[in-house]
Amino acid sequence: MSLTAEPETRVGPAPEPVGALVDDPAGGTSPSVYETGRLVALAPWLPGHGERLAWLLDRQRPDGGWGAPGGYAIVPTLSAVEALLTDLRRGGPAPLPAAAAHRGLAFLAAALRAEPPPDLPATDLIVPALLTAVDRLLDAPAGPPPGLADWAGRPRLPLPAGLDPTRLTRVRGLLAAGRPVPEKLAHALEVAGELAYRAPGVRPSASGAVGASPAATAAWLGRPEPGPALDYLCAVARSGPVPCASPITVFERAWVLAVLVRAGVPVRVPERVLTGLRAAVGASGAATAPGLPADADTTSVVLYALARLGRSPGVGALAGYDTGRHFCTWPGEDGASLTTNAHVLDALGEHPSRPGVTAARRRVTDWLVARQEPDGRWEDRWHASAYYATYAVLLALADHAPDGAARTAVERGVGWLLATQRPDGSWGRWRGTAEETAYAVLALAGAGRAGDARIGAALARGRALLSDLDGRDGGPALWHDKDLYRPTLIVRAAVLAASGHAGRGSAHPEATMIRIA
């Protein structure tokens, strides 16, 4: 999928095209330390093993950890350390990996007692599984791997507060008994260890992927046996490091289209893309990728984008996610997602006359308003930044629930955005980023009161800065999967929309027609 910009008007210079982004039908995401570490440990026979090992070593932070700040470092650091220890045990190159593993272990010894890991998918399975694997490597009868002798006999690394191995034990028990695991657990099948090999009830999708995950696929395959799974691994790992999820075609196309059409950017979409999105919606909704269960988040964004583009299949596919109070991302989930419900409100709002829609919109609106933080922002489980959640909720409320308590909540959210703009005009959790600045700009333009001088000034400063930030190919990974990741084209679409097209259908002297191919 690629974005190319075709001038719709000759007035003024055309915006910089984005057609140079990778044209990959599977979708583009940033590489993952966690997933790459799992391939180093599980599939040393896969081409590019040396490149993956070198990439891991190059990504280690000066403090010995990997990944984002705080608790976000625990999962990627555990994966990288276990991978290095495994490679050393096999007789891999030394002493550099041993030194890196030593520093990683020292980091973990402190980090595991400090801030707990955030609520990322499968964290409660991954952390106990990797801690057990690290302990086994350090406590082996032959002693620790080469270069780690001073770790012999040390106390085991602690399990973070709030986590326990009970769920992992249940999952492994199901597999040991020859019983299939729930479909959504296929995405993290690697936590089962040797039991993942040809696990009952688990089969690769048409693309060859198990659970849309390189790590899960490698664990299921076990060895380099010819077939679709090996072909998938060779393709996804051809450049060395690998992403957390691939393919993400439906997710990527739906989010890119939704961001652009909502911001008033004219889009020209080939019939095959629309047909593919429409075909992705089954009776239970749409899934991010084959091999993953359908979910309300992907379903609602697909339905919203199709409705805005005149191809609405209705909202019947969302019925199975209605809990009577809010919408779950998938049945039986732990917790609840605010952005999923914001996207559901968007989809429902495109069908105001459908039976039951008015009551459902009211319930979702009340649920979202009740979960606003005291300072005016919203937080969510699918993204590290409150700017993404606040953007999603503010626009849904402003578009589809503009009165009463919802309007008050919108004004408080706008106030939080204005109060947290950085001196240079950017927005961001850890630092100013193009992605978070784009969300803030789009939210202020879409939900703020027209003519407010404060909003106008904030928008001008934010837009002026976007071209100097790293929204094209760089920027931090902020989206939640087993590790943090960045969906490249989705982020680029948000930056493009915010740079010159923020606002509902606003005319812009440099407007472009975006073709998605």
Side-chain angles (χ1 to χ4, degrees), residues 29 68-72 75 115-124 184 244-245 248 251 254-255 258-259 262 288 295-301 304 318 321 323 325-330 333-348 363-401 406 409-410 412-414 416-417 420 427-430 433 435-440 442-444 446-447 476-487 490-491 494:
T29 66
Y72 282 105
V75 164
E115 185 176 349
D119 179 25
L120 273 65
T123 292
D124 59 336
K184 67 180 181 179
C244 268
I248 60 163
F251 164 60
W255 258 256
V259 166
R262 174 164 232 151
T288 290
D295 66 85
D297 202 20
T298 306
T299 300
S300 56
V301 179
Y304 173 79
L318 287 171
Y321 303 97
T323 69
R325 194 155 169 261
H326 67 282
F327 283 70
C328 57
T329 304
W330 52 73
E333 72 174 332
D334 299 322
S337 166
L338 276 73
T339 57
T340 292
N341 281 271
H343 295 147
V344 167
L345 184 56
D346 285 334
L348 295 176
R363 285 189 282 109
V364 172
T365 296
D366 292 345
W367 189 85
L368 289 170
V369 169
R371 277 149 188 80
Q372 188 173 29
E373 298 293 332
D375 62 2
R377 75 187 189 279
W378 282 269
E379 301 269 5
D380 191 55
R381 67 189 316 187
W382 297 120
H383 203 281
S385 174
Y387 293 103
Y388 174 72
T390 301
Y391 149 78
V393 177
L394 274 184
L395 293 188
L397 293 178
D399 281 356
H400 308 298
V410 168
R412 291 178 59 223
V414 167
W416 178 75
L417 290 173
T420 58
W427 282 267
R429 173 177 178 171
W430 293 307
T433 70
E435 179 181 357
E436 293 164 284
T437 299
Y439 297 145
L442 291 170
L444 287 174
L478 294 168
W479 293 64
H480 283 186
D481 198 336
K482 293 180 280 186
D483 193 1
L484 291 180
Y485 73 101
R486 183 181 66 256
I490 294 171
V491 172

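Since this is a predicted model, take the numbers as computed values, not measurements.
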Just so I know, are the side chains of [X] and [Y] near enough to count as touching, which here means a heavy-atom distance under 4.5 Å?
X: L444; Y: W427; value: yes
X: P487; Y: W255; value: no
X: T420; Y: R377; value: no
X: P121; Y: W382; value: yes
X: L120; Y: D483; value: no
X: E436; Y: L478; value: yes

From [X] atom [atom1] to [Y] atom [atom2], the distance as rounded to the nearest 0.5 Å:
X: L394; Y: L442; atom1: CG; atom2: CG; result: 11.5 Å
X: R363; Y: L345; atom1: CZ; atom2: CG; result: 11.5 Å
X: R381; Y: H383; atom1: CZ; atom2: NE2; result: 15.5 Å
X: I490; Y: I248; atom1: CD1; atom2: CD1; result: 5.5 Å
X: T339; Y: W378; atom1: OG1; atom2: CH2; result: 13.0 Å

Q: Among P118, P116, P117, find the residue that satisfies the side-chain contact (heavy atoms from CB on, under 4.5 Å) test when tested with T123.
A: P117
(Q) Is it the case that the ring center of F327 lies less than 6.0 angstrom away from the ring center of W367? (A)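 Ring centres of F327 and W367 not closer than 6.0 Å.
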Q.
Can you classify the ring geometry of Y439 versus Y391 as parallel (below 30°), tilted (30 to 60°) or perpendicular (above 60°)?
A.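 Because their plane-to-plane angle is under 30°, the rings of Y439 and Y391 count as parallel.
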Q) Once the angle between the rings of H480 and Y72 is folded into 0 to 90°, is it parallel (under 30°), tilted (30 to 60°) or perpendicular (over 60°)? A)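 It falls in the tilted class, 30° to 60°.
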Q.
Within the 3.5 Å criterion, strictly below it, is a donor on W479 or E435 matched to an acceptor on the partner's side chain?
A. yes
Q) Do the side-chain N and O atoms of D380 and S337 include a donor-acceptor pair separated by under 3.5 angstrom? A)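 Yes - a donor-acceptor pair under 3.5 Å links their side chains.
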Give me the atom names and distance for the closest heavy-atom approach of [X] to [Y].
X: A443; Y: L417; result: CB-CD1, 3.7 Å
X: A406; Y: T365; result: CB-CG2, 3.9 Å
X: A347; Y: L318; result: CB-CD1, 4.1 Å
X: A389; Y: E379; result: CB-C, 3.9 Å
X: T340; Y: A296; result: CG2-CB, 3.9 Å
X: A336; Y: H326; result: CB-NE2, 3.6 Å

Q: Given side chain to side chain contact (heavy atoms under 4.5 Å, CB included), test Y387 with W416 step by step and report yes or no.
A: CA-CA 10 Å; Y387 293 103; W416 178 75; 3.3 Å; yes
Q: Give a yes or no answer on whether the side chain of R371 reaches the backbone of L338 with a donor-acceptor pair at less than 3.5 Å.
A: no
(Q) Show, in sequence, the C-alpha distance, side-chain angles and deciding distance for D346 and R262, and conclude whether the side chain to side chain contact (heavy atoms under 4.5 Å, CB included) test is met. (A) CA-CA 10 Å; D346 285 334; R262 174 164 232 151; 2.8 Å; yes
Q) So which of D297, T329, T298 actually passes side-chain hydrogen bond (donor to acceptor under 3.5 Å, both in side chains) with H343? A)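 Option passing the side-chain hydrogen bond (donor to acceptor under 3.5 Å, both in side chains) with H343: D297.
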